[in-house]
Structures are given as C-alpha cells and as structure tokens.
Amino acid sequence: MKNKVKTAVTPTRVEDYPEWYQQVIKASDLAERSPVRGCMVIKPWGYAIWENIMDVLNGMFKATGVKNAYFPLFIPLSFLEKEAAHVEGFAKECAVVTHHRLEPATDREGLVPAGPLTEPLVVRPTSETIIGESFSRWVSSYRDLPILINQWANVVRWEMRTRMFLRTSEFLWQEGHTAHATREEALERTHMMLEIYAGFAREYLAMPVIKGRKTPSERFPGAEDTLCIESMMQDRKALQVGTSHFLGQNFARASQIRFQSPQETEEYAWTTSWGVSTRMIGGLIMSHADDDGIVLPPKIASAQVVLMPIFRKPDDKSRVMEYVKSLEKELSSRFYHHRRICVEVDSRDIGGTRNWDWIKKGIPLRVEIGPRDIDENAVFVARRDRKHNDKTSMKREDFVGGIVNLLDEIQQNLLDRAAENLHAHSVKIDDAASFYDYFTPKNSEKPEIHGGFAHCHWCGSAGCEAGIKEDLSVTIRCAPFESEAEEGKCIRCGGPSHSRVIFAKAY
RNA sequence: CGGGACGUGGCUCAGUCUGGUAGAGCACAGCGUUCGGGACGCUGGGGUCGCAAGUUCAAAUCUUGCCGUCCCGACCA
C-alpha cells in the first residue's frame, strides 16, 4: 500500500464499488440520508443538477407541443383498481393514507391517527389512473386530440431496498401522458420521446445509451410496449435511464377516455406515458465520477467554473478580489448552450482543502487567481477531466473568449470516455459456457468488477429469460433497435432466434 | 421479508471479552506562523456511547426486546 495514490474518496471504485458510490455522494455534497427510511435530502449542489435537467427537458418537451400541468398526489384506491395489470404491478409498493386527523393517544404519550377515510388514498406511484380520469372528461371529439401533458412531480414507491438517487422510496421525476386518436400517432409519440431522452442523455449527461424494447416480463404494468434507454455504468452494470410506454387502449378503457371519430363512431383513445427521474443523477455519478469525487458534464453542471483567489500578503487582497469580481461578472454574462455560465467564487482561506472541495464536487473548471496572474493578466486553470495537478496558465482574454470551447471539450471528453467503457465491455457471446463464465466473478465472496453487455441470441421464451436470471442475476435489458436481423440459437435452450438482445446485470 | 456485518462528538474508529462513570485522529472555532497549498503551533467548543426494559452499589461494557444503517438475495425508475 505504500505507493498507493492518495484519493479524495475511499474506498476506490476497484476496492468496493457500492461503498465508493455512497462516499462520492457524501464527498460531493449532492445529497444526504434523511431521517425517513429510504428517503433522501437533495442538497443545493445536487438539486441544481436536477434544475438543469428540468430546464433542458422542458424546452425539448415544449418544442413538441407538450404542456405542463399538475395532478394530485393522492389517488383514490378505486382508480388504481381499474387496470388489472397496473394494480398487480404497483400494489405491493403503494403507500396508503387511511386517516385524516391525529388525536392524543389514550394509552401513552403522543398522537394517534383518527378520522378514518371512507376510501383510502394511495400516494401516487405513477399517475396514469388519475390523469386518465381527467383526460376522460377533456376528450369527447377527435378534434380534442391529441392531448399532450407532462407533469414534474414526486412519486412514492415503497421499495424494499433503497440506494441514493438510484432507488429511493420517494423520488422526483417527470411523467408525460398523451392521448391520441390513432394507434400510429401514439406509437410515433412513444418513439419520439425515447429519441428525446436518448439525445438528452448523450448530449447533456454525456451518457451514451442504447435504445431498445423491453421484453414482456420487464414491461411497465399495463403497457402494450415499453421502450427504454439503457446505459453502462463504470462497474459494467446496466442502468435504465428512461422509459417510454405505448399503453395501447388499456388505460383508455380503464379510464373511459372515449371520443367520437370523424366517421361518427365511438372510439377509445390511444395513450402513452414516458418518464425520467432523479435516478439520472445516480447514472451521472456512476458514468463519470472517479476516485476523487464526481465529475460533472459542463452542460448540466451545478456550476461551470469556480474562481479561487489567492493572496499571500494582506495588501494583495483588494486587488486580487477586484480582479476576481470583474472576471466573475464577465464570465457570468456569457452563455453556454442557452444558459448563463454559472460561476462560483470561493475566497475561503483554508489552503489546499478549498481546491479539493471543488474537485470532489466535480466542477468542470477550477481557476486560481493570484498576484502573479494579475501581473500577467492571466488565470491559472485546472480541468476536472484531467489530473488534479495538471494546471495551465492562460491569458485572461483567451480563457474568457475560449471558455465555451473549453467546456465543450470537457463535455466531449466525458462522452468519449463513457462510450469507450461501453464499447470495451460489450461482447457477442454465442455459447452457454462462455456466457456463464462471462457473468461469474472470480471472487464470489466479494465480486470484482466483471461482465458487461452481452449481445446474445434469445428464443423469446420467458422461461429462458427467467432461468438465466435465476442462475446469474442477469436480465435482458432490451432488444436494441440497432440490432440487425441475424439467425442464431438461443443462448440457453438453443432454439431459433432472429436477432440479438442485451443481457447484463442491472441496477 | 430471509442471510451477514454494524450502531460510541460532524467523520473514521479505539474502549465492550475481563462492568468503576468516555478517548484518539480528522473536521469545527479563536489567535499566531505559513501557503499557488490537501501546512504547522497553541487554545477551545462539542458525546444522556441507536432506543427501551432488566441484572448490579455501579452498565458504552452483561441479558432481553425493539429501531436503524450497510452488504448479499427476492421486488422495482
């Protein structure tokens, strides 16, 4: 251990990936655990990322005609019961409100629930049913369609096992709900939103994703078809980053969303729903963070640059601060991909700790400014995608003028690295022995990072899918759209297959 | 809900076996010296030892119950 490089986060990814993940969140000040089981407090540095995600996606959604609205947190139990598959999928994880009042307890100190509700209310695990009820009243003619609605909300799913950002009992998300006159139009919308998610993940989160279709067993409860984008984390596990569902007429029937067609017949509408959640932030961490903390892609970063004034003598302070203030103003007035550059100024005199704080927080650019720089009208710049001591002096005007390019370069670099990870650990496997070998860690006690995305043939039977899951905890992430037709034999049973699907361990 | 580990200042932990009334390092605050750097010295603040019962003259330490956290499974964005 004597030559071991000191890292800001311990353990490192290689040493203990799950623990590393927790420590990165702590070190980067994104979030903390809450007193409520399975819930989290998203701190300002983490919430700013979510705000940026909301900002960009809102623009993308609205450009396709989607409007935002808000529906109730509470859903009458009877609504949830309307769609059979939906109930079955969500019943186990619903939080239920049964009372509307608290009273002093008679047998002890404290309060007890009183005033039972005539009908229990479910805290929304998703909003198809209650939005469907509204849609049913909003639609009577084909002229009322399509309805294109999105809401930003919190939802609750009572999970057995939680992980910060990746799976919490309460999480923040966006859920889009649309209703259409035709199957084709609803299908088109389902694909359109998946494309938006894929583009967003790639261009903003610097996460390369694979677009594909879920198998029936992984489908959204009540959906006719579920499309998804899957990304590979640094431990080679898959993370579902977003989903888009074609709901057919299932929910329209359940919620009575009917309309009169041009031919004067009564029809059920065709609906879709699609969402991404704060889970994306977990994906961001596991895609880009290193052993010194998180690494934020500039386009979605809480802030793009921190200015750190350095003064050795007291009389340096005023001229350094003046220079820093003017630089802050100059940078803040510039735009980076339609948003103002967000600048932090950290003038705490706490030595190297200050620098490492910002490394751990993953800010793309760290700029040191001292008397020497001012004399040369320069700045001293470090990039988060390079080593911590790799710093270069730049002329102030070059830095200010070139900051957009510099940020773009970092953004691109992160995407390239993530893409490299994806490609390096994607393989085609055609025999069962290799498949089992690929997904079996050498150290079963404490599994090392292993596996990846295995592109294999699958006969389409749920039995083969379940068998593999049983044996290896490996699931079919999706049938990728880009997977071309190819004859082959199922990796498990040898039965005929016409294209490959992706097997992987998943979050 | 099963299997394992663990709950002691903000963090990491020692102390628990062999009960005697709470410690270290880091972090925090003040002062000074440093400093393009994860610095150093001095001084100081902060803990009913997860909760509750029990045993005892005495419990962080022993007993029982409960709660919570993390890891591994089953369930899921």
Novice: Strictly below 4.0 Å, N to O, side chains only: are E376(A) and K395(A) in salt-bridge contact?
Specialist: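 A salt bridge is absent here (no side-chain N lies under 4.0 Å from a carboxylate O).
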
Novice: Salt bridge check, R384(A) against D290(A): does any charged N sit closer than 4.0 Å to a carboxylate O?
Specialist: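 R384(A) and D290(A): salt-bridged.
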
Novice: Can you check the distance between U48(B) and A60(B), where both ends of the measurement are the P atom (answer in whole Å)?
Specialist: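 The same atom, P, in both gives a distance of 13 Å.
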
Novice: Applying ring-ring contact (aromatic ring centres under 6.0 Å, His included), which residue pairs with at least one partner in residues 190-227 of chain A are found, sequence neighbours left out?
Specialist: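 Qualifying pairs, neighbours excluded: H86(A)-F220(A), F90(A)-F220(A), H191(A)-F481(A), F200(A)-Y204(A), F220(A)-H245(A).
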
Novice: Rounding to an integer number of Å, can you tell me how far M233(A) CE sits from A77(B) P?
Specialist: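 It is 16 Å, rounded to the nearest whole Å.
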
Novice: Round to a whole Å and report the spacing from CH2 of W50(A) to P of A77(B).
Specialist: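 About 16 Å, once rounded to whole Å.
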
Novice: Are any of the side-chain nitrogens in K211(A) or E230(A) under 4.0 Å away from the carboxylate oxygens of its partner?
Specialist: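 A salt bridge is absent here (no side-chain N lies under 4.0 Å from a carboxylate O).
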
Novice: U69(B) and U12(B): how far apart are their C1' atoms, nearest whole angstrom?
Specialist: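 That atom pair is separated by 16 Å.
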
Novice: Does A77(B) have W173(A) stacked on its base, where the ring centres are within less than 5.5 Å and the planes differ by under 30°?
Specialist: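 W173(A) vs A77(B): stacking no.
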
Novice: May I ask you to say what T243(A) touches in the nucleic acid, namely base, sugar-phosphate or nothing, with a heavy-atom cut-off under 4.0 Å?
Specialist: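 Nothing: the residue T243(A), judged by heavy atoms under 4.0 Å, touches no strand.
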
Novice: Report all interatomic pairs (protein N or O, nucleotide N or O of nucleotides 34-37 of chain B) with separations under 3.5 Å.
Specialist:
unit_1 : atom_1 : unit_2  : atom_2 : d
C35(B) : N4     : R312(A) : O      : 3.2
G36(B) : OP2    : R312(A) : NE     : 3.2
G36(B) : OP2    : R312(A) : NH2    : 3.2
G36(B) : N7     : R372(A) : NH2    : 3.2
G36(B) : O6     : R372(A) : N      : 2.9
G36(B) : N1     : D373(A) : OD2    : 2.5
G36(B) : N2     : D373(A) : OD1    : 3.4
G36(B) : N2     : D373(A) : OD2    : 2.6
G37(B) : N1     : E368(A) : OE2    : 3.4
G37(B) : N2     : E368(A) : OE2    : 2.9
G37(B) : N2     : K391(A) : NZ     : 2.8

Novice: State plainly whether the residues D357(A) and R366(A) are in salt-bridge range, i.e. N to O under 4.0 Å.
Specialist: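 So D357(A) does not pair with R366(A) through a salt bridge.
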
Novice: Separation of M286(A) atom CE from A77(B) atom P, in whole Å?
Specialist: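 Taking atom P of A77(B) as the reference, CE of M286(A) is at 16 Å.
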
Novice: What distance, rounded to whole Å, do you find between the two P atoms, one in A22(B) and one in G41(B)?
Specialist: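 Pairwise P distance, A22(B) against G41(B), rounds to 28 Å.
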
Novice: In chain order, what residues pass the salt bridge (Lys or Arg N to Asp or Glu O under 4.0 Å) check against E344(A), with sequence neighbours excluded?
Specialist: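 None.
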
Novice: Restricting to side chain to side chain contact (heavy atoms under 4.5 Å, CB included), what partner residues turn up for R219(A), sequence neighbours left out?
Specialist: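 Side chain to side chain contact (heavy atoms under 4.5 Å, CB included) list for R219(A), sorted by chain: P216(A), T226(A).
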
Novice: Evaluate the side-chain proximity of V66(A) to W274(A): yes if any heavy-atom separation is below 4.5 Å, no if none is.
Specialist: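 Counting from C-beta outward, W274(A) and V66(A) do come under 4.5 Å.
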
Novice: Measure the distance from NZ on K214(A) to C1' on C76(B) and round it to the nearest whole Å.
Specialist: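 Spelled out: NZ on K214(A) to C1' on C76(B) is 11 Å.
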
Novice: C1' atom, A77(B) versus A24(B): distance in rounded Å?
Specialist: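 About 44 Å, rounded to a whole number of Å.
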
Novice: Could you pull out the protein-nucleic contacts involving nucleotides 7-12 of chain B (nitrogen or oxygen on both sides, under 3.5 Å)?
Specialist:
none

Novice: Indicate yes or no: does R492(A) engage D471(A) in a salt bridge with an N to O separation below 4.0 Å.
Specialist: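 Yes, charged N to carboxylate O under 4.0 Å.
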
Novice: When you compare C42(B) with G4(B), how far apart are their C1' atoms, in angstrom units rounded to a whole number?
Specialist: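 Between the two C1' atoms, the distance is 47 Å.
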
Novice: I want to know whether W173(A) and W50(A) have ring centres closer than 6.0 Å.
Specialist: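 W173(A) vs W50(A): aromatic centres not under 6.0 Å.
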
Novice: Is it true that a side-chain atom of T475(A) and a backbone atom of R477(A) form a donor plus acceptor pair closer than 3.5 Å?
Specialist: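 Looks like no, no N/O pair under 3.5 Å.
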
Novice: Between atom CZ in R219(A) and atom P in A77(B), what is the gap in whole Å?
Specialist: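 Distance, rounded to whole Å: 13 Å.
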
Novice: Does F220(A) reach a base, just sugar-phosphate, or nothing at all? Heavy atoms under 4.0 Å.
Specialist: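 Contact class for F220(A): none.
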
Novice: May I ask you to check if K391(A) and F380(A) form a cation-pi contact, with NZ or CZ under 6.0 angstrom from the six-membered ring centre and within 45° of the axis?
Specialist: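 Here K391(A) fails the 6.0 Å and 45° test against F380(A).
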
Novice: Could you go over nucleotides 70-75 of chain B and give all protein N or O partners under 3.5 Å, atom names and distances?
Specialist:
unit_1 : atom_1 : unit_2  : atom_2 : d
C70(B) : OP1    : R33(A)  : NH1    : 2.8
C70(B) : OP1    : R33(A)  : NH2    : 3.2
C72(B) : OP2    : R161(A) : NH2    : 2.1
C75(B) : OP2    : K469(A) : NZ     : 3.3

Novice: Could you give the distance separating U21(B) and U16(B) at their P atoms, to the nearest angstrom?
Specialist: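 So the two P atoms sit 14 Å from each other.
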
Novice: Under 4.0 angstrom, heavy atoms only, what part of the nucleic acid is T168(A) near: base, sugar-phosphate, or nothing?
Specialist: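 Base, at least one base heavy atom under 4.0 Å.
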
Novice: Expressed as a whole number of Å, how far does the P atom of G44(B) sit from that of G65(B)?
Specialist: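 About 45 Å, rounded to a whole number of Å.
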
Novice: Is the backbone of W45(A) close enough, under 3.5 Å, to the side chain of D29(A) for a donor and an acceptor to pair up by distance?
Specialist: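 No: the side chain of D29(A) does not pair with the backbone of W45(A).
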
Novice: Using Watson-Crick or G-U wobble geometry with both distances below 3.5 Å, tell me the partner of G2(B), or none.
Specialist: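 Across all strands, the one nucleotide that pairs with G2(B) is C72(B).
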
Novice: Tell me the partner of C28(B), counting only Watson-Crick (N1-N3 plus N6-O4 or O6-N4) or G-U wobble (N1-O2 and O6-N3) with both under 3.5 Å; none if nothing fits.
Specialist: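 Pair assignment: C28(B) / G44(B).
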
Novice: Using a heavy-atom cut-off of under 4.0 Å over every strand shown, decide if L166(A) touches base, sugar-phosphate, or nothing.
Specialist: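 Base contact - L166(A) has a heavy atom under 4.0 Å of at least one base atom.
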
Novice: With a 3.5 angstrom cut-off on both distances, give the Watson-Crick or G-U wobble partner of A14(B), or none if there isn't one.
Specialist: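 Pairing partner: none.
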
Novice: Rounding to a whole Å, what distance do you find between F90(A):CZ and C76(B):P?
Specialist: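 About 10 Å, once rounded to whole Å.
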
Novice: Roughly how many Å apart are G20(B) and G3(B), using the P atom of each and rounding to a whole number?
Specialist: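 Here G3(B) and G20(B) have their P atoms 33 Å from each other.
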
